[in-house]
Amino acid sequence: QVQLVESGGGLVQAGGSLRLSCAASGRPFGGQAMGWFRQAPGKDREIVASISGNDFSTYYADSVKGRFTISKDNAKNMMYLQMDDLKPEDTAVYYCAAVRYYAYTGDVFIKGEEYAYWGQGTQVTVSS
(Lines give C-alpha, C1' and ligand atoms only; values in the text may rest on other atoms or scores of the structure.)
Protein backbone atom coordinates (compact mmCIF):
# COMPACT_ATOMS: atom_id res chain seq x y z
CA GLN A 1 0.00 0.00 0.00
CA VAL A 2 1.23 3.45 -0.89
CA GLN A 3 0.54 6.47 1.30
CA LEU A 4 0.81 9.96 -0.17
CA VAL A 5 0.87 13.16 1.84
CA GLU A 6 0.81 16.61 0.24
CA SER A 7 2.12 19.78 1.83
CA GLY A 8 3.05 23.30 0.82
CA GLY A 9 -0.33 24.78 0.05
CA GLY A 10 -1.42 28.15 1.33
CA LEU A 11 -2.58 31.65 0.49
CA VAL A 12 -0.57 33.66 -2.02
CA GLN A 13 -1.15 36.79 -4.08
CA ALA A 14 -1.51 36.64 -7.82
CA GLY A 15 1.90 36.50 -9.46
CA GLY A 16 3.42 34.70 -6.50
CA SER A 17 4.87 31.21 -6.20
CA LEU A 18 4.35 28.08 -4.15
CA ARG A 19 6.02 24.68 -4.14
CA LEU A 20 3.86 21.70 -3.34
CA SER A 21 5.47 18.54 -2.02
CA CYS A 22 4.19 14.98 -2.04
CA ALA A 23 5.80 12.49 0.33
CA ALA A 24 5.32 8.82 -0.45
CA SER A 25 5.72 5.84 1.82
CA GLY A 26 5.02 2.16 1.48
CA ARG A 27 7.28 1.31 -1.41
CA PRO A 28 10.13 2.80 -3.47
CA PHE A 29 9.37 5.74 -5.70
CA GLY A 30 11.50 5.00 -8.68
CA GLY A 31 9.71 3.67 -11.74
CA GLN A 32 6.32 4.89 -10.65
CA ALA A 33 4.42 7.35 -12.84
CA MET A 34 2.78 10.08 -10.81
CA GLY A 35 0.69 13.18 -11.23
CA TRP A 36 -0.81 16.28 -9.71
CA PHE A 37 -4.53 16.98 -9.97
CA ARG A 38 -6.68 19.80 -8.68
CA GLN A 39 -10.31 20.42 -7.94
CA ALA A 40 -11.88 23.83 -7.55
CA PRO A 41 -15.26 24.31 -5.83
CA GLY A 42 -18.08 23.30 -8.12
CA LYS A 43 -15.73 21.95 -10.77
CA ASP A 44 -14.54 18.53 -11.80
CA ARG A 45 -11.12 17.25 -10.83
CA GLU A 46 -8.57 17.98 -13.55
CA ILE A 47 -5.05 16.94 -14.35
CA VAL A 48 -2.42 19.58 -13.71
CA ALA A 49 0.81 17.75 -14.50
CA SER A 50 2.17 14.23 -14.70
CA ILE A 51 5.56 12.57 -14.89
CA SER A 52 6.50 9.20 -16.33
CA GLY A 53 7.97 6.27 -14.46
CA ASN A 54 11.40 6.84 -15.99
CA ASP A 55 11.15 10.55 -15.12
CA PHE A 56 11.96 11.48 -18.73
CA SER A 57 8.50 12.55 -19.87
CA THR A 58 6.15 15.15 -18.46
CA TYR A 59 2.71 16.45 -19.29
CA TYR A 60 1.16 19.80 -18.40
CA ALA A 61 -2.35 21.06 -18.78
CA ASP A 62 -2.52 24.00 -21.19
CA SER A 63 -3.66 26.26 -18.37
CA VAL A 64 -0.41 25.77 -16.41
CA LYS A 65 2.12 25.19 -19.18
CA GLY A 66 5.11 27.46 -18.77
CA ARG A 67 4.21 28.32 -15.17
CA PHE A 68 4.26 24.99 -13.31
CA THR A 69 7.04 22.39 -13.13
CA ILE A 70 6.68 18.81 -11.93
CA SER A 71 9.67 16.88 -10.60
CA LYS A 72 10.57 13.85 -8.53
CA ASP A 73 13.39 12.99 -6.15
CA ASN A 74 13.36 9.21 -6.08
CA ALA A 75 16.06 9.01 -3.42
CA LYS A 76 13.84 10.98 -1.05
CA ASN A 77 10.53 9.49 -2.21
CA MET A 78 9.29 12.99 -2.94
CA MET A 79 7.43 14.64 -5.79
CA TYR A 80 7.13 18.38 -6.25
CA LEU A 81 5.05 20.90 -8.12
CA GLN A 82 6.70 24.28 -8.49
CA MET A 83 4.00 26.83 -9.23
CA ASP A 84 5.04 30.26 -10.48
CA ASP A 85 3.06 33.26 -11.68
CA LEU A 86 0.01 31.99 -9.87
CA LYS A 87 -3.41 33.22 -10.93
CA PRO A 88 -6.73 33.35 -9.04
CA GLU A 89 -8.02 30.60 -11.32
CA ASP A 90 -5.35 28.28 -9.89
CA THR A 91 -7.24 28.27 -6.60
CA ALA A 92 -8.16 24.67 -5.80
CA VAL A 93 -7.37 21.67 -3.65
CA TYR A 94 -4.32 19.99 -5.12
CA TYR A 95 -3.83 16.23 -4.96
CA CYS A 96 -0.86 14.05 -5.74
CA ALA A 97 -1.47 10.61 -7.17
CA ALA A 98 0.46 7.50 -8.15
CA VAL A 99 -0.31 4.71 -10.58
CA ARG A 100 -0.53 1.16 -9.29
CA TYR A 101 2.28 -0.52 -11.20
CA TYR A 102 5.93 0.20 -11.82
CA ALA A 103 6.82 1.07 -15.39
CA TYR A 104 10.23 2.40 -16.33
CA THR A 105 8.81 3.92 -19.49
CA GLY A 106 8.11 7.37 -20.84
CA ASP A 107 4.35 6.93 -20.61
CA VAL A 108 2.46 9.68 -18.84
CA PHE A 109 -1.05 9.28 -17.46
CA ILE A 110 -3.59 12.09 -17.49
CA LYS A 111 -6.86 10.45 -16.46
CA GLY A 112 -7.81 10.17 -12.81
CA GLU A 113 -9.01 6.61 -13.22
CA GLU A 114 -5.49 5.58 -14.24
CA TYR A 115 -4.24 6.38 -10.74
CA ALA A 116 -4.60 4.02 -7.80
CA TYR A 117 -3.23 6.02 -4.89
CA TRP A 118 -4.20 9.53 -3.80
CA GLY A 119 -3.17 11.97 -1.11
CA GLN A 120 -5.60 13.90 1.05
CA GLY A 121 -5.06 17.18 -0.78
CA THR A 122 -3.65 20.59 0.07
CA GLN A 123 -5.48 23.90 -0.42
CA VAL A 124 -4.01 26.55 -2.68
CA THR A 125 -5.68 29.95 -2.65
CA VAL A 126 -4.56 32.75 -4.94
CA SER A 127 -5.88 36.22 -4.20
CA SER A 128 -6.22 38.89 -6.86
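Every value quoted in this text rests on a predicted model; they were computed, and no experiment measured them.
- The two atoms that bring Thr105 and Ser52 nearest to each other are O-CB, 3.3 Å, heavy atoms only.
- With a 6.0 Å radius and a threshold of 12 heavy atoms from other residues, nucleotides or ligands, Phe56 has its CZ atom at or below the threshold.
- Put simply, the side chain of Ser57 gets close to the backbone of Gly106: a donor and an acceptor are under 3.5 Å apart.
- Side-chain atoms of Thr125 and Val12, non-hydrogen and from C-beta on, never get closer than 4.5 Å to each other.
- One hydrophobic cluster, built from ILVMFWY side chains closer than 4.5 Å, holds both Tyr60 and Leu20.
- Follow the hydrophobic side-chain contacts under 4.5 Å out from Tyr95 and you never reach Val64; the two are in separate clusters.
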Inset, instruction - Go through the steps to decide whether Tyr80 and Thr69 satisfy the test side chain to side chain contact (heavy atoms under 4.5 Å, CB included), and finish with yes or no. - result: CA-CA 8 Å; Tyr80 305 99; Thr69 304; over 6 Å; no
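- Hydrophobic clustering (side-chain heavy atoms under 4.5 Å, transitive across Ile, Leu, Val, Met, Phe, Trp, Tyr) groups Val99 together with Ile47.
- Closest approach of Leu81 and Val48 over heavy atoms only: CD2-CG1, 4.1 Å.
- Salt bridge status for Lys87 with Asp90: absent, with no side-chain N to carboxylate O gap under 4.0 Å.
- Gln123 approaches Ala92 most closely through the heavy-atom pair NE2-O, 3.4 Å.
- Note on Met34: it does not cluster hydrophobically with Trp118, by side-chain heavy-atom contacts below 4.5 Å among ILVMFWY residues.
- For the atom pair Asp73 CG and Cys22 SG, the distance stands at 12.5 Å (nearest 0.5 Å).
- Scanning both residues, Thr91 and Ala40, for their nearest heavy atoms gives O-CB, 3.6 Å.
- Looking at Glu6, its side chain does come within 3.5 Å of a backbone N or O of Gln120 through a donor-acceptor pair.
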Inset, instruction - For Val124 and Leu18, run side chain to side chain contact (heavy atoms under 4.5 Å, CB included): C-alpha distance rounded to whole Å, both residues' side-chain angles, the deciding distance at 0.1 Å, then the answer. - result: CA-CA 9 Å; Val124 172; Leu18 283 173; 3.9 Å; yes
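- Side-chain polar atoms of Ser25 and Gln3 form a donor-acceptor pair below 3.5 angstrom.
- Annotation: the span from Arg67 atom CZ to Gln82 atom CD amounts to 12.0 Å, rounded to 0.5 Å.
- Placement of Ile51 and Val2 within a single hydrophobic cluster is found when ILVMFWY residues are connected by side-chain heavy-atom separations under 4.5 Å, directly or transitively.
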Legend entry - Check against side chain to side chain contact (heavy atoms under 4.5 Å, CB included), Tyr59 and Ser50: CA-CA 5 Å; Tyr59 167 88; Ser50 63; 3.3 Å; yes
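- Atoms CE and OG, on Met78 and Ser7 in that order, are 6.0 Å from each other to the nearest 0.5 Å.
- Side-chain contact, Ser17 with Asp84: a donor N or O sits under 3.5 Å from an acceptor N or O.
- Ring geometry for Phe37 against Tyr115 counts as perpendicular: the plane angle is over 60°, on a 0 to 90° scale with 30° as the lower cut.
- Residues Tyr94 and Arg38 have side chains that bring a donor and an acceptor to within less than 3.5 angstrom of each other.
- The two atoms that bring Met79 and Cys96 nearest to each other are CE-CB, 3.6 Å, heavy atoms only.
- With respect to Lys72 and Asp55, a salt bridge is recorded, a charged nitrogen being found less than 4.0 Å from a carboxylate O.
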